[in-house]
Q: 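The structure follows.
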Amino acid sequence: MTTTSPKPTDAAEATRYRPQEIEPKWRATWAAEQRGTTPDHVPGKDNYYSLVMLPYPSGDLHIGHWYNYTGHDAFSRFMRMRGYNVMQPIGFDAFGLPAENAAIKRNVQPRDWTLANIANMHDQLKLMGANWDWSREIVSCLPDYYQWSQWLFLEFYKAGLVYRTKAPANWCPNCNTTLANEQVVNGRCERCGTEVIRKEIDQWLMRITNYADELLRFDGMDWPEKTVTMQRNWIGRSEGAEVRFTAEVRRAGKKASDADATETVEVPVFTTRPDTIFGVTFFVLAPEHPLVERITTPGRKKAVRAYVEAASHQSEIERQSTEGTKTGVFTGGYVTNPVSGARVPVWVADYVLLSYGHGAVMGVPAHDTRDFAFARTYGLPIVQVVAPEGEEPSDAAQWSESRSAMGRLVNSGAFDGTVAAEAKAAIIAEMEARGIGNRAINYRLRDWLISRQRFWGSPIPIVYCPEHGTVPVPQDQLPVLLPDHVDFKPTGESPLRYVPEFYNTTCPICAGPATRETDTLDTFICSSWYFLRYCDPGNREAPWSQDKVDQWMPVDMYIGGPEHAVMHLLYARFFVKALRDMGHLTFDEPFKRLFHQGMVLGSDNQKMSKSRGNVIAPDAVISQYGADAVRCYLMFMGPFDQGGPWNNQGVEGIARYLNRLWNVAIFAESLPATAKADATPHDITRQQHKVIKRITEHYAHLRFNTALAAAMELTNTLSAARESGEAAQHPTAYREAVAALVRLLAPLAPHLTAELWQRMGHTASVHDQDWPTFDEALTQDAIITVPVQVNGKLRATVEVAADADEATIRAVAEGDAKVQPYLEDKTIRKVIYVPGKLINFVVG
RNA sequence: GCCGAUGUGGCGAAAUGGCAGACGCGGUAGACUCAAAAUCUGCUCUCCGCAAGGGGGUGAGGGUUCGAGUCCCUCCAUCGGCACCA
């Protein structure tokens, strides 16, 4: 049966909360007054730089963006109301592979695809009601931005922090491009998941390793401990020694039959355990080690070449799958241990990586688990050289596993009996004296590969001249523009190679014919300095002016996902340190405080993905419940750094809450406006001050879930006061509590609170109000409830005046009828009294 | 294998070493209504009990303490990250 519902004619209906009407109205108002625009300086206010990781313009704003940006917006608005001049910029990290994939797939230009996505995301971002400063927007794929990425590349080049070299690179056969080591995830391409293979290729790198030691310091930085640990592990500093073994190898280009066919070369190796040098029973080279070919004896050549060949075809994933079993092959060659003089066989094994240390390992099977497994597999000798204090050396050949415990040296010639820790220093000293080795520090961190054989990135401003070689483009000739229309063929070479008007150019030095570099820059370059450009986005003379950067940097709060804990956050730190040393910046670290938001999961508690069908599209939920409800629900879900599963009923609950809040606030309009204030503070007022205190602390720590819970408590108190008639008797207390509540929720529900504040008769926006303050005295109740324990077990609660002293409370507690039975016939041995908390009788 | 995090009602979760489960969802009973929606009110960890009241309870087991979800040790489970780093 269908009936026509009556038109809303009564007063209640006319004042209903209708987010669909008020939200667009306020967004239009804010856009018209350019509310988010932040001046560089406001007299009497400190600047506060509140940064959020800029999005990649994939085309759709997903619920994860909403989560991230709502927390950032709420925190920024909170800081603004606390009196800071808050900069809250937004932009787009717009270069990258997806645009190129789209171009190949749909025959569109990456530029058109990207700009269309940005336009779409502008609309979606504006739906959030966030207080972005659109006047500072940056789009990294536009020439007025990437011109300065190129300029910075040249600064790094001049400073000797950029170099080009041919070396093995990670190569993704699907994307036809190289990847930084940091971009390889479990041996697979981070973007497409294809297994990565190794390939020799010319490429540009940045010397981030020059800053390894300084990047290990985090003095005075308010960062999650977990992220600091991850960066430390990523840099992976280890102290030890470089030991130069010697080998007789065939001279390059000579045949074995030649008279002067051989020469002695040094083979350096890094070890963290120089104290075990006398326990070396074999030596291992990485399959890619340059000496492998020359050290291999003619009889072993076939076997070694086959092994090296197989290893080069193996991806890291395949190397991993042989977990536990070590493979390798004997080269027939030997090296001499420079300390002990022992001659040991040289093997090639893929458990040794060329990229770490010197690509070689001195095999000490007795005291290293991997060396032990290798020695067992191939029947190599195992010699104990360290014995724990007070323990006799034993036959290592009989051991079932290696022993890494420290102790005193044995079987180590002149060093026998030396404590291992001292032996390390003593052996290093002897090696340095004899010129056969030295103390050394090794890092896991490698230089940053910044070349991409792609179109959709900033061109690298380098020209190759037959006469003058590699020539940087003069900085006043920037930008090197990306051509507008190109063909996309995944050939393995950048499409720029096939655009003659780009590729063919003239040498900046001699004006003769030359060619351009066709590789483009890693997009992590763009995101390593965008926070500097926000400070001075319109500057046409320089990437930024010193003056403007000094007004804002370093960033006070940086919010973004934990997936960027290492790469982006390490690169940005490196950029700032290098630019400081070049004289472009005056500070050491870009981000003072860092916060990682959690992840929104599907209602099935799983990561959202199209294949699971558990993806929540924000737009539909927003049109149903409004942006404020979605914002509040996301922040109420759980701790901001934890995320949690999406639940449709949860949004409904929050929508109901906002409606209740609305009704509680609107009710104030019906109260007499001229009422006198209460002579003594009403309970509503005490609750108000308590909640202001709590919410203020919660916001400061980005604990939005508990902030909202506290706001709900105050709302419930007001609602009860309305129902009971208390509100009518104390209209001033009620009205003031409502006014506080509306301001407290302004960061989380900006539209709703703006509307309510205006209805309360204010002409200035709620978002321009000062943050509510509290009176500490009013956060205390006049009567407090004190739990009474006997032997730690709760037996009663008693009500006493808040200022009652211990003796009074003890007397009341002891006299309580519920407590009495537990104290009868017992001796009170001890009384624990925690003021304001509890009283505990210890009886026996 | 190594490193890190997390385990609390039917669910999301609260809790500076001090009344475990705030706040919300769901459930349930009721008010209003011809009825429904919306709104409002009560109850909702569990067991025993008509009740008053009492017992148990924060992954498992130990420990420190007057007192432990919280601190320490061992173990189990789940989720992340890294992975032959010499």
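To find a chain, count down the sequence lines: A is the first, B the second, and so on, and within it residues start at 1.
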Q: CG of A:L794 versus P of B:rG53: gap in Å, rounded?
A: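 Distance check: A:L794 CG to B:rG53 P gives 12 Å.
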
Q: Compare the minimum distances between each of B:rC19, B:rC66, B:rG81 and the side chain of A:T797, then state the nucleotide with the smallest one.
A: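 Selected nucleotide (nearest to the side chain): B:rC19.
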
Q: Between A:D275 and A:R273, does any side-chain N to carboxylate O distance fall below 4.0 Å?
A: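 Yes, charged N to carboxylate O under 4.0 Å.
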
Q: A:K837 side chain N/O closer than 4.0 Å to the phosphate oxygens (OP1, OP2) of B:rC19?
A: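 Looking at the OP1 and OP2 atoms of B:rC19, neither is under 4.0 Å from any side-chain N or O of A:K837.
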
Q: Between A:Y822 and B:rG54, does any side-chain N or O lie under 4.0 Å from OP1 or OP2?
A: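 The answer is yes; a side-chain N or O of A:Y822 sits under 4.0 Å from OP1 or OP2.
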
Q: Check A:R694 with A:E713, please: is the shortest side-chain N to carboxylate O separation under 4.0 Å?
A: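 Yes, A:E713 and A:R694 are salt-bridged.
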
Q: Determine the contact category for A:Q789: base if any of its heavy atoms lies under 4.0 Å from a base atom, sugar-phosphate if only primed atoms, P, OP1 or OP2 are that close, otherwise nothing.
A: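 Base contact - A:Q789 has a heavy atom under 4.0 Å of at least one base atom.
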
Q: Has A:R631 got its NZ or CZ under 6.0 Å from the middle of the six-membered ring of A:W66, at an angle within 45 degrees of the ring axis?
A: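 No.
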
Q: By nearest heavy atom, map A:T785 and A:G792 onto RNA chain B; which one lands nearer the 5' end?
A: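 It is A:T785, whose closest nucleotide lies nearer the 5' terminus.
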
Q: Judged by each residue's nearest nucleotide on RNA chain B, which is more toward the 5′ side, A:A709 or A:G653?
A: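 Going by which nucleotide is closer to the 5' end, it is A:A709.
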
Q: Atom CE of A:M362 to atom P of B:rC84: distance rounded to whole Å?
A: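 Rounding to the nearest Å, CE of A:M362 and P of B:rC84 are 20 Å apart.
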
Q: Name the orientation of the base relative to the sugar in B:rG81: syn if the glycosidic angle is within 90° of 0, else anti.
A: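 You should classify B:rG81 as anti.
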
Q: Between A:R237 and A:D213, is there a salt bridge with N-O shorter than 4.0 Å?
A: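 The answer is yes: the pair qualifies as a salt bridge.
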
Q: Where the side chain of A:V361 is concerned, which of B:rG12, B:rA86, B:rA22 is the nearest nucleotide?
A: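 From the listed options, B:rA86 comes nearest.
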
Q: With both distances kept under 3.5 Å, what pairs with B:rA20, Watson-Crick or G-U wobble?
A: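 B:rA20 is unpaired by these criteria.
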
Q: With rounding to the nearest 0.5 angstrom, report the CZ to CZ distance, A:F841 to A:R795.
A: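 Between atom CZ of A:F841 and atom CZ of A:R795 there are 13.5 Å.
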
Q: Both distances below 3.5 Å, Watson-Crick or wobble geometry, any strand: find the nucleotide opposite B:rA14.
A: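 B:rA14 is unpaired by these criteria.
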
Q: Can you tell me the distance, in whole Å, between the CH2 atom of A:W234 and the C1' atom of B:rA83?
A: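 Computing the A:W234:CH2 to B:rA83:C1' distance gives 11 Å.
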
Q: Can you tell me the pairing partner of B:rG69 across any strand shown, Watson-Crick or G-U wobble, with both distances under 3.5 angstrom?
A: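 Pairing partner: none.
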
Q: Which one is paired to B:rC40, where only Watson-Crick or G-U wobble pairs with both distances under 3.5 angstrom count?
A: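 Base-paired to B:rG30.
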
Q: Considering only the C1' atoms, how many Å lie between B:rC25 and B:rU16, rounded to the nearest integer?
A: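 Each nucleotide's C1' atom is 29 Å from the other's.
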
Q: Rounding to an integer number of Å, can you tell me how far A:Q642 CD sits from B:rC11 P?
A: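 Rounding to the nearest Å, CD of A:Q642 and P of B:rC11 are 15 Å apart.
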
Q: Under 4.0 angstrom, heavy atoms only, what part of the nucleic acid is A:D371 near: base, sugar-phosphate, or nothing?
A: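 Result for A:D371 = nothing.
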
Q: Round to the nearest Å and state the distance from A:R722 atom CZ to B:rU41 atom P.
A: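 After rounding, the reported distance stands at 8 Å.
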
Q: Is the backbone N or O of A:I277 less than 3.5 Å from a side-chain atom of A:N337, with the two atoms forming a donor-acceptor pair by type?
A: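 Checked: pair present.
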
Q: Now, which nucleotide makes the Watson-Crick or G-U wobble pair with B:rU64, with each of the two distances under 3.5 Å?
A: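 Base-paired to nothing in any strand shown.
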
Q: In whole Å, what is the span from the CD atom of A:E713 to the C1' atom of B:rG24?
A: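 Spelled out: CD on A:E713 to C1' on B:rG24 is 11 Å.
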
Q: Between B:rC84, B:rA22, B:rG18, which one does the side chain of A:Y351 approach most closely?
A: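 Of B:rC84, B:rA22, B:rG18, B:rC84 is nearest to the side chain of A:Y351.
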
Q: Between B:rG4, B:rG56, B:rC40, which nucleotide has the shortest distance from any of its atoms to the side chain of A:R660?
A: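 Shortest atom-to-atom distance from the side chain points to B:rC40.
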
Q: From B:rC66, B:rG12, B:rC19, pick the nucleotide closest to the side chain of A:F636?
A: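 Output: B:rG12.
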
Q: C1' atom, B:rA5 versus B:rG56: distance in rounded Å?
A: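 Looking at atom C1' only, B:rA5 and B:rG56 are 30 Å apart.
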
Q: Just compare B:rA86, B:rC66, B:rC85 and give me whichever is closest to any side-chain atom of A:R444.
A: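 Nearest nucleotide to the side chain: B:rC85.
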
Q: Determine the Euclidean distance between corresponding P atoms of B:rA29 and B:rA36; express it in Å to zero decimal places.
A: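 To the nearest whole Å, 13 Å.
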
Q: Less than 4.0 angstrom from a charged side-chain N to a carboxylate O is my criterion; do A:R439 and A:E242 meet it?
A: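 Judged by the 4.0 Å cut-off on N to carboxylate O distance, A:R439 and A:E242 do not form a salt bridge.
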
Q: Have a look at A:R795 and say if it touches a base, only the backbone sugar-phosphate, or nothing, with a 4.0 Å heavy-atom cut-off.
A: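 Answer is sugar-phosphate: A:R795 comes under 4.0 Å of backbone atoms only.
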
Q: Compare the minimum distances between each of B:rG18, B:rC19, B:rA86 and the side chain of A:N840, then state the nucleotide with the smallest one.
A: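 Between B:rG18, B:rC19, B:rA86, the one nearest the side chain of A:N840 would be B:rG18.
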
Q: If I pick the C1' atom on B:rA37 and the same atom on B:rG49, what distance separates them, to the nearest angstrom?
A: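 Here B:rG49 and B:rA37 have their C1' atoms 41 Å from each other.
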
Q: Does B:rA14 have OP1 or OP2 sitting under 4.0 Å from an N or O in the side chain of A:N705?
A: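 The answer is yes; a side-chain N or O of A:N705 sits under 4.0 Å from OP1 or OP2.
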
Q: Between B:rG18, B:rA86, B:rG12, which nucleotide gets closest to the side-chain atoms of A:I832?
A: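 Comparing B:rG18, B:rA86, B:rG12 against the side chain of A:I832, the answer is B:rG18.
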
Q: May I ask you to say what A:N442 touches in the nucleic acid, namely base, sugar-phosphate or nothing, with a heavy-atom cut-off under 4.0 Å?
A: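 A:N442: no heavy atom of the nucleic acid under 4.0 Å.
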
Q: With a cut-off of less than 4.0 Å, is there a side-chain N or O of A:K830 near OP1 or OP2 of B:rC66?
A: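 Yes, such a contact exists.
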
Q: Write down the distance between CD (A:E652) and C1' (B:rG12), rounded to a whole number of angstrom.
A: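 Checked: the CD to C1' distance equals 15 Å.
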
Q: When rounded to the nearest Å, what value does the distance between C1' atoms of B:rU46 and B:rC40 take?
A: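 Looking at atom C1' only, B:rU46 and B:rC40 are 30 Å apart.
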
Q: Hey, is the side chain of A:N647 poking within less than 4.0 Å of OP1 or OP2 on B:rG26, counting only N and O atoms?
A: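 The answer is no; no side-chain N or O of A:N647 sits under 4.0 Å from OP1 or OP2.
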
Q: With the side chain of A:R656 defined as its heavy atoms from C-beta on, choose the nearest nucleotide among B:rC82, B:rU39, B:rU41.
A: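 Side chain of A:R656 sits closest to B:rU39.
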
Q: Could you tell me the Watson-Crick or G-U partner of B:rC82, where both distances fall under 3.5 Å? Say none if there is no partner.
A: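 Its partner is B:rG1.
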
Q: Just to be sure I understand the rule, does A:G236 reach a base, reach only the sugar-phosphate, or reach nothing, if contact means heavy atoms closer than 4.0 Å?
A: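 Nothing: the residue A:G236, judged by heavy atoms under 4.0 Å, touches no strand.
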
Q: How far, in whole Å, is B:rA13 from B:rG1 if one measures between their P atoms?
A: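 To the nearest whole Å, 29 Å.
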
Q: For B:rU78 and B:rG59, measure between their C1' atoms and round to the nearest Å.
A: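 Per the computed distance, 10 Å lies between those C1' atoms.
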
Q: Are A:Y67 and A:F640 near enough that their ring centres are under 6.0 Å apart?
A: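 Ring centres of A:F640 and A:Y67 closer than 6.0 Å.
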
Q: What nucleotide among B:rA86, B:rU41, B:rG12 has an atom nearest to a side-chain atom of A:V352?
A: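 Ranking B:rA86, B:rU41, B:rG12 by closest atom to the A:V352 side chain puts B:rA86 first.
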
Q: Counting Watson-Crick and G-U wobble pairs only, both distances under 3.5 Å, name the nucleotide matched with B:rU46, or none.
A: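 B:rU46 is paired, partner B:rG55.
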
Q: Report the base-pairing partner of B:rA77 (Watson-Crick or G-U wobble, both distances below 3.5 angstrom), or none.
A: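 Partner of B:rA77: B:rU6.
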
Q: For the atom pair OG1 (A:T715) and OH (A:Y657), what is the distance rounded to the nearest 0.5 Å?
A: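 If we round to the nearest 0.5 Å, A:T715:OG1 and A:Y657:OH are 2.5 Å apart.
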
Q: Select base, sugar-phosphate, or nothing to describe what A:P639 touches, counting heavy atoms under 4.0 Å on all strands.
A: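 A:P639: backbone/sugar contact only, no base atoms under 4.0 Å.
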
Q: When the P atoms of B:rA68 and B:rG57 are considered, how many whole Å apart are they?
A: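 11 Å, rounded to whole Å.
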
Q: When the ring planes of A:Y734 and A:F667 are compared, do they come out parallel, tilted or perpendicular, using 30° and 60° as the limits?
A: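 It falls in the perpendicular class, over 60°.
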
Q: Just how far, in rounded Å, is P of B:rC23 from NE2 of A:H698?
A: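 For the pair A:H698 NE2 and B:rC23 P, the rounded distance is 13 Å.
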
Q: Has the side chain of A:E225 got a donor or acceptor atom sitting under 3.5 Å from an opposite partner on the base of B:rG4?
A: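 For A:E225, whose side chain was compared with the base of B:rG4, there is no donor-acceptor pair (under 3.5 Å).
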
